[in-house]
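Heavy atoms only: backbone and side chains are in, while hydrogens, waters and symmetry mates are out. What you see is a predicted model; the values in this text were computed from it and never measured.
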Amino acid sequence: MSTPTPANTQPAAAAAAPEAVKPSNFLRQIIESDLEKGTYATRRWAGSPGDAAHHAKGEPDPAKIRTRFPPEPNGYLHVGHAKSICINFGLARDYGGVCHLRFDDTNPEKEDTEYVNSIIDAVKWLGFDWAQLGQPPGSAAPYQASDYFDFMYRAAEYLIEAGHAYVDEQTPEEMRVNRGDFGKPGVNSPFRSRTPAENLARFREMKGGKLADGAAVLRAKIDMASPNINMRDPAIYRIRRATHHNTGDTWCIYPMYTFAHPIEDALEQITHSFCTLEFEDQRPFYDWLMDRLCEGGLLAAPAPKQYEFARLNLTYVITSKRKLAQLVQEGKVNGWDDPRMPTIVGLRRRGYTPAAIQMFAERIGVTKSDSWIDYSTLEGCLREDLEAKAHRGMAVLDPVKLVLTNWDEVMGPGHLEPCQLPALPHPPEGVESPVRHFTIGKEVWIEREDFAEVPPKGYKRLYPPRPGADGQMLPGNTVRLKGGYVIECTGCTKDADGNITEVLATVVPDTKSGTPGADTVKVKAAITWVGVADGVNAEVRMYDRLFSDAHPDAGGKNFLESLNPNSLKVVTAIVEPSLANAKPDDKFQFERHGYFVADRIDHKAGKPVFNLAVGLKDSWGK
């Protein structure tokens, strides 16, 4: 019996192929304006990140723009990061540029190589690559902020010597009080008037491990009266005795993110530094720092510029790394890759495709104002992507046996009749659909809901004979077993407790689908089924949204109280034989039920496991 290979999602590289016309947005307009004006036309690229002297030795940059995706390796990426990945890598692709994958690993206490590896895998799976122009895909290693620690320290010493930074030894509480608030200007630190020489000596003592953790910080000297609190002498270095996953115990002082990030961008010759709106108030410091280091000749001009866009706010989802970690640690979900999680590994295991996520990112657009995107938009993109790709198959999720009582008389004792249906009802133009094969015999499995002893009004599936208005018995209803025969319901059998154990029907001869005369008997419904003879038992995990509240953590609510108790239901289903040889991550449409994926971890030959990816329609919108 032949088993077609399922038509799955297109390769990642194909998924990332640009469309002919992209909808415009303000980020595209910024890039197009800079390209037209030649803002970055004089840049040079020495083949690797470096300071001004390093890049001065290089050639004119072949990349028209440079963007970056700079995650901190302190957790698994989620759907919000997927939006940022698609924006940064997609814009670089569309404008003849390069997007750098860079790990912002400046916080040694929270970072781990497990997260580094998961991030690399996620970006690759989404269909993107960070190789330089002219290099083969997959040939480049990601950049790491920790590789720039030497330069960052050098930049800090330059700021001290130029009178732009000082070592502050106030307590954290004194610093907090003296910083002021939105209605009150800050107060200068008593250590602010130290000479550059004094500050440099003290900073070197910090680096040499002569001061305790928290005893001092290096601060930029800007303006304690600034209306932007972020410009009130922000801290740029702190003492932290912690082993770093990349640099080990080389350092006991580490740069603050707001200081490190602009420097990382500049060393990598980034042109457009796109980030989310929560960093908007940090942009003045970004520009201040770039101006100071370019003035000192440490960095090459023109410096990169930061631009902010609205982060992804998706209903029925939380994206706080702390709260996602809590779900994992408290066993509310089965790990970071639980298919109910909004992590990229969770979405992948759920059955989402790179093309669907890229379609989602494109569809929701890029704006400067926060708004909420309904979860159904994400689900709709997956349906749209899988509709033409996912092979069809029949599965019975709540089985009851249907016995065709006249089968042996009509077809012959023990006869199994071969049947077939197309795997792709609407294949792409020029593509012939594969065919899936199965058999029908005396006994088949049907969905329990496809039989009603007392049918409700408008019910078109199986029900037994019943008395008519004149007292005469009306025949049972007729339906077609999809791809098989027309059958007429004759009744059912029950156990001692009154539970239905079997549905009884007779087969109507000469009505097999695809044969002459198949349509001589008209029916109002066709139902799915699986033959008892060749059906395969499978574990099917019926996933739903993890939260029943559209905004589970809004307004200080305890998000755990919004967990959906019905977010996972595991059933033993019976699937048609074409599904028996599915490989992990193969995707199918179980006819009438939805789109399913063979679980990429637990699915094995002889023990199939399928996850519900998305239903055929949005049931939450009702």
Side-chain angles (χ1 to χ4, degrees), residues 72 74 104-111 145-146 149 152-244 247-263 278-286 288-289 292-293 320-322 556:
E72 182 181 359
N74 64 350
D104 248 319
D105 54 351
T106 58
N107 189 349
E109 294 172 309
K110 295 183 179 181
E111 295 155 2
S146 54
F149 281 171
M152 292 176 191
Y153 180 80
R154 172 184 156 204
E157 286 206 348
Y158 164 76
L159 292 176
I160 292 171
E161 292 171 331
H164 298 311
Y166 63 98
V167 174
D168 193 350
E169 297 181 55
Q170 295 180 95
T171 66
E173 176 62 18
E174 289 171 335
M175 288 182 62
R176 187 192 65 78
V177 171
N178 290 336
R179 192 184 189 199
D181 54 35
F182 290 108
K184 181 175 65 176
V187 176
N188 285 349
S189 165
F191 299 94
R192 199 174 194 265
S193 58
R194 277 177 164 166
T195 66
E198 291 172 322
N199 282 309
L200 187 60
R202 201 60 169 156
F203 186 52
R204 288 175 176 172
E205 289 178 350
M206 289 173 58
K207 177 178 180 289
K210 297 181 180 180
L211 300 180
D213 284 17
V217 295
L218 182 67
R219 299 177 72 177
K221 185 186 289 188
I222 306 178
D223 181 5
M224 289 300 293
S226 173
N228 183 344
I229 294 179
N230 295 291
M231 296 295 280
R232 295 180 185 177
D233 292 7
I236 58 177
Y237 258 94
R238 81 281 200 199
I239 305 170
R240 184 78 77 247
R241 285 172 174 81
T243 301
H244 190 283
T247 60
D249 295 319
T250 301
W251 298 89
C252 66
I253 58 171
Y254 289 95
M256 304 296 287
Y257 175 83
T258 51
F259 175 74
H261 187 82
I263 290 176
E278 60 262 38
F279 296 101
E280 186 172 29
D281 288 343
Q282 297 287 354
R283 187 179 352 123
F285 177 71
Y286 187 110
W288 179 90
L289 181 60
R292 301 292 81 75
L293 297 182
S320 160
K321 286 183 180 179
R322 178 181 61 82

query = Using 4.0 Å as the upper bound for N to carboxylate O, is an ion pair formed by Glu157 and Arg154?
reply =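 Not counted as a salt bridge, because no side-chain N and carboxylate O are separated by less than 4.0 Å.
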
Check [X] against [Y] and note the closest heavy-atom contact, atom names and distance.
{"X": "Pro185", "Y": "Ala225", "result": "CB-CA, 4.0 Å"}
{"X": "Ala212", "Y": "Ile239", "result": "O-CD1, 3.4 Å"}
{"X": "Asp104", "Y": "Glu72", "result": "O-CG, 3.5 Å"}
{"X": "Glu173", "Y": "Arg176", "result": "OE2-NH2, 2.7 Å"}
{"X": "Met231", "Y": "Ser226", "result": "CB-OG, 3.6 Å"}
{"X": "Asn230", "Y": "Gln282", "result": "OD1-NE2, 2.9 Å"}

Would you say the side chain of [Y] lies within less than 4.5 Å of the side chain of [X], judging by non-hydrogen atoms?
{"X": "Met175", "Y": "Val217", "answer": "yes"}
{"X": "Leu218", "Y": "Ile160", "answer": "yes"}
{"X": "Asp249", "Y": "Arg241", "answer": "no"}
{"X": "Ser189", "Y": "Tyr166", "answer": "yes"}
{"X": "Leu289", "Y": "Leu159", "answer": "yes"}

How long is the gap from [atom1] on [X] to [atom2] on [Y], to the nearest 0.5 Å?
{"X": "Ile263", "Y": "Phe149", "atom1": "CD1", "atom2": "CZ", "answer": "11.0 Å"}
{"X": "Arg240", "Y": "Tyr254", "atom1": "CZ", "atom2": "OH", "answer": "10.0 Å"}
{"X": "Leu293", "Y": "Met152", "atom1": "CG", "atom2": "CE", "answer": "11.0 Å"}
{"X": "Asn228", "Y": "Glu280", "atom1": "CG", "atom2": "CD", "answer": "10.0 Å"}
{"X": "Ile222", "Y": "Arg292", "atom1": "CD1", "atom2": "CZ", "answer": "8.5 Å"}
{"X": "Glu169", "Y": "Met206", "atom1": "CD", "atom2": "CE", "answer": "8.5 Å"}

> Knowing that exactly one of Arg194, Arg179, Arg219 qualifies, which makes a salt bridge (Lys or Arg N to Asp or Glu O under 4.0 Å) with Asp168?
Replying inline: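 For Asp168, the salt bridge (Lys or Arg N to Asp or Glu O under 4.0 Å) test succeeds with only one of Arg194, Arg179, Arg219, which is Arg219.
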
Exercise for the section: Give a yes or no answer on whether the side chain of Thr247 reaches the backbone of Thr250 with a donor-acceptor pair at less than 3.5 Å. Expected result: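 Judged by distance alone, no pair lies under 3.5 Å.
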
Stepwise ring-ring contact (aromatic ring centres under 6.0 Å, His included) check, Tyr153 with Phe203: CA-CA 10 Å; Tyr153 180 80; Phe203 186 52; 5.1 Å; yes

Which is it for Asp233 and Arg192 under the salt bridge (Lys or Arg N to Asp or Glu O under 4.0 Å) test, yes or no, and what are the steps along the way? CA-CA 10 Å; Asp233 292 7; Arg192 199 174 194 265; 2.6 Å; yes

request  = Run the numbers on Ile253 and Arg238 for side chain to side chain contact (heavy atoms under 4.5 Å, CB included), then give the verdict.
outcome  = CA-CA 6 Å; Ile253 58 171; Arg238 81 281 200 199; over 6 Å; no

Test Trp251 against Thr243 for side chain to side chain contact (heavy atoms under 4.5 Å, CB included), laying out the working first. CA-CA 8 Å; Trp251 298 89; Thr243 301; over 6 Å; no

Checklist entry - Is the Tyr237-Phe259 ring centre distance short of 6.0 angstrom? => result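 Here the rings of Phe259 and Tyr237 have centres that are less than 6.0 Å from each other.
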
| said: Could you walk me through whether His261 and Phe279 satisfy the ring-ring contact (aromatic ring centres under 6.0 Å, His included) test, starting with their C-alpha distance in whole Å, then the side-chain angles of each, then the deciding distance to 0.1 Å, before giving a yes or no? | reply: CA-CA 11 Å; His261 187 82; Phe279 296 101; 7.3 Å; no

